[in-house]
Amino acid sequence: MGLMFRLSGRGRREKGTAPAGQPSKVPPLASKELGLQTTSHEDLPGPDGLTNAELLKRMFQFVRPVKATAIVACALVAVAVTLDTSAANLTRIIIDQVKDHLHTANVAAAAGWSAGQLFAGPLRHVVLLIAVLTALVVASSFNGLLRNIVNTRLSMDMVYHMRAAVYDQLQRVGFGFHDVHPSGQLINRALSDLHNIRFFVNLSLVQITEIVLYVIGYDILLWSINPWIGLVALLPTPFWFLYLRHFSRRVQPIQKRLMASGDELVTVLSENVAGVHVVKAFATETTEVKKYNQTADVFYGHVMQNVGMYSNFVPIFRGIAIASSLALFWLGSILVVHRSLQVGDLIVFGVAMGNILSRLQQLNQISTQYQQAIVSARRFFEILCAPPTIEQLPAAPPLPVGEGAIEFRDVTFGYSSRHPVLHDVTFSAPGGSVIALVGPTGAGKSTLVQLLARFYDPQSGTICIDGCDIKTAQLASVRDSVGFVFQETFLFSDTVAANIRYGHANATDGEIEAAARIAQAHEFIMELPYGYETILGERGATLSGGQRQRLAIARAIVANPRILVLDDALAAVDPETEKHIRRALSLVMAHRTVMVIAHRLSTVKAANMVLVLEDGRMTQMGTHEQLIKQAGHYRDIARLQLAGDHSSLLAETRQRRGAATGVVPEILP
């Protein structure tokens with residue numbers, strides 16, 4: 001099938017495993033057991049282009065890693081059918097023999113024989129048959145216990161492999177995929193849709209085997225009693241399948257709309273929880289509740305539409321079963337009247353028909369789950385079939401050893417090819433230099449540094465690190481060579497030490513503490529309840545913005561990259577702390593290339609090279625001393641920050657307000 005996914009191991013990705021967009025070293029379980037081969041995405045049709053049969057085939061490939069357990073589960077079903085049909089047939093024989101022996105006993109009693117003589121003779125065989133029947137019942141009960149255990153194991157193992165596959169794929173796809181898929185939607189697909197697929201595969205695998213074997217087994221038993229009964233017992237089957245086919249065509253669009261509205265509901269909920277501080281800060285609780293209720297109403301409408309479909313489906317399905325059962329019992333009654341059936345045959349006939357019809361009615365549950373699974377599969381495989389937005393060349397070599405020299409040649413990039421964000425950016429910087437990126441908000445500064453680590457690939461142009469085109473190098477080596485301190489700091493719900501160690505899993509406690517001291521974080525860490533072993537709240541919510549930023553800087557220092565990117569990393573710290581961090585970072589920056597996105601010229605002044613970006617174009621390049629003498633954006637912001645003082649800016653603001661109101665206030669000196 002060429003599904004482009006593999007299974008990751010349990011737990012968080014360690015240092016050295018493949019980052020997003022790069023094939024990792026996958027255990028044999030993924031490629032061998034799942035039978036999935038890596039192909040180019042061009043050869044792999046997306047889920048929207050697949051038929052239901054092809055989606056079923058893909059869903060059942062999840063059975064490959066657990067095929068041994070699946071075989072055992074199906075074998076236990078076969079044992080259950082054998083035991084049940086054998087017990088039913090043995091019951092028929094016992095009843096008929098007891099009936100015959102009771103007639104013989106009545107004749108013997110009239111001739112003066114004792115009943116004890118009969119028990120010592122012909123009824124002894126009946127007692128043995130009853131003992132065998134008891135053994136079959138006990139064996140059937142024990143087999144039922146084993147089936148429950150094996151089915152549970154089959155289900156849980158399948159869940160593990162499916163979750164590992166989707167988690168691995170979410171780590172593998174690039175930023176471009178996450179840009180267009182909200183996190184709430186991905187979470188819902190990884191939980192709800194995964195459960196629908198797993199439940200259907202497990203249910204259908206075991207229950208369809210059970211239905212087929214029970215129908216065949218009991219029909220053979222009925223056929224051995226009377227061929228007409230065996231034939232009539234199968235009459236409802238074609239009617240059920242015809243109705244199922246008609247029903248599935250009508251219900252699948254409803255299921256698709258239902259799940260899409262479920263995605264929207266989860267997205268609204270997750271965004272509201274994540275942004276609870278903003279909601280409370282602006283006192284918009286009522287607005288958010290109204291927004292959630294409106295989304296919930298849409299979801300409720302689709303649920304009721306789905307319920308309406310099944311409210312017609314279930315009675316019709318059961319009506320076919322009841323009509324079939326009445327017809328079969330009518331035929332059985334006629335045969336009994338004409339002495340074509342014995343009493344034991346009639347009892348077994350009832351047991352067999354009860355089992356056949358009850359199993360066939362399980363198609364109702366399978367059909368219901370099938371409709372959900374087909375829709376879920378299209379959504380689920382949209383994740384698993386997503387192509388890596390960043391392709392790695394086969395057998396790509398790692399980056400050559402170097403000090404982090406950077407070169408951009410005519411680089412043009414846009415998140416949409418029609419709307420470029422960067423235009424023909426060209427510059428080069430030797431290893432070990434400090435490069436400052438300056439420009440107005442939205443000029444493309446953060447985008448430029450993200451291209452350096454191949455979070456995205458440019459539409460045109462070349463980016464080199466130490467003379468090597470990063471598109472031709474091993475992606476893991478590129479990512480390992482570039483360390484980031486992002487403007488928006490993200491911390492995991494883990495210990496302080498684990499968050500600092502995240503970029504380098506083998507870092508020692510001494511290295512962690514040294515990095516924390518450089519980032520001016522050691523003092524506040526030691527004030528926490530358990531120091532470096534303190535568990536942080538979700539996203540580091542228990543820390544201030546400046547504290548989170550300092551931990552992020554420490555994390556980047558521990559990773560020890562040859563290129564360090566500070567994306568406005570010092571914006572959340574006060575000037576005094578910034579001075580201490582810059583002084584400590586000067587030690588770390590030695591023999592390392594540093595790219596700094598900053599709005600404070602106190603940081604920019606120390607750079608070896610300043611690049612000015614405006615509207616995605618590089619308008620100025622040089623040192624602080626050179627650019628301060630040139631007319632342009634850099635000198636404009638320098639005048640505001642270095643030449644202008646706070647009082648003059650305040651005076652200008654008040655003058656503007658006075659012009660707007662007609663009252664010119666007194667300007668403070």
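Bear in mind that the values here come from a model prediction, so they are computed numbers and not experimental data.
- Shown here are the side chain to side chain donor-acceptor pair (under 3.5 Å) partners of R198, two or more places apart in sequence or in another chain: S155, H195.
- One distance of note links CE of M158 with CZ of F62; it measures 9.5 Å at 0.5 Å rounding.
- Here the shortest heavy-atom pairing between V206 and R147 reads CG1-NH2, 4.2 Å.
- Applying the side chain to side chain contact (heavy atoms under 4.5 Å, CB included) rule to Y300 yields the partners M304; only residues at least two apart in sequence or on another chain are considered.
- L55 contributes atom CG, which lies 8.5 Å from atom OH of Y370 (distance to the nearest 0.5 angstrom).
- Residues passing the side chain to side chain contact (heavy atoms under 4.5 Å, CB included) test with I216 are V212, I220, sequence neighbours excluded.
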Could you go through residues 72-84 and list every donor-acceptor pair under 3.5 Å that involves a side-chain atom there, pairing it with any protein atom two or more places apart or in another chain?
{"from": "T82", "atom 1": "OG1", "to": "A78", "atom 2": "O", "distance (Å)": "2.9"}
{"from": "D84", "atom 1": "OD1", "to": "S140", "atom 2": "OG", "distance (Å)": "3.3"}
{"from": "D84", "atom 1": "OD2", "to": "Y214", "atom 2": "OH", "distance (Å)": "2.4"}

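- Considering only residues two or more places apart in sequence or on other chains, V289 meets the side chain to side chain contact (heavy atoms under 4.5 Å, CB included) condition with N293.
- Between F60 and F200 there is a side-chain heavy-atom pair separated by less than 4.5 Å.
- The two residues V66 and H161 make their nearest non-hydrogen contact at CG1-CD2, 3.9 Å.
- Qualifying side chain to side chain donor-acceptor pair (under 3.5 Å) partners for D193, counting only residues two or more places apart in sequence or in other chains: S376, R379.
- Scanning for side chain to side chain contact (heavy atoms under 4.5 Å, CB included) contacts around N499 gives L491, F492, D494, L536, R555, with sequence neighbours left out.
- Residues A497 and E533 approach most closely at CB-OE2, 4.0 Å, considering heavy atoms.
- For the atom pair CG (L194) and CZ (R163), the distance works out to 6.5 Å, reported to the nearest 0.5 Å.
- Summarising the geometry, atom CG belonging to L145 is positioned 4.5 Å from atom CD1 belonging to I149; distances are rounded to the nearest 0.5 Å.
- Nearest heavy-atom pair across L205 and L154 is CD2-CD2, 4.0 Å.
- Annotation for A70 and V63: closest pair CB-CG1, 3.8 Å, computed over non-hydrogen atoms.
- Residues meeting the side chain to side chain donor-acceptor pair (under 3.5 Å) test with E288, sequence neighbours left out: N272.
- Residues that satisfy the ring pair (Phe, Tyr, Trp, His ring centres under 6.0 Å) test with F380, not counting sequence neighbours, are absent from this structure.
- Of the inter-residue distances, the one linking N196 atom CG with I374 atom CD1 reads 11.5 Å to the nearest 0.5 angstrom.
- In this structure, the separation between CG on L133 and CG on L128 is 12.5 Å, given to the nearest 0.5 Å.
- Residues meeting the side chain to side chain donor-acceptor pair (under 3.5 Å) test with S261, sequence neighbours left out: H302.
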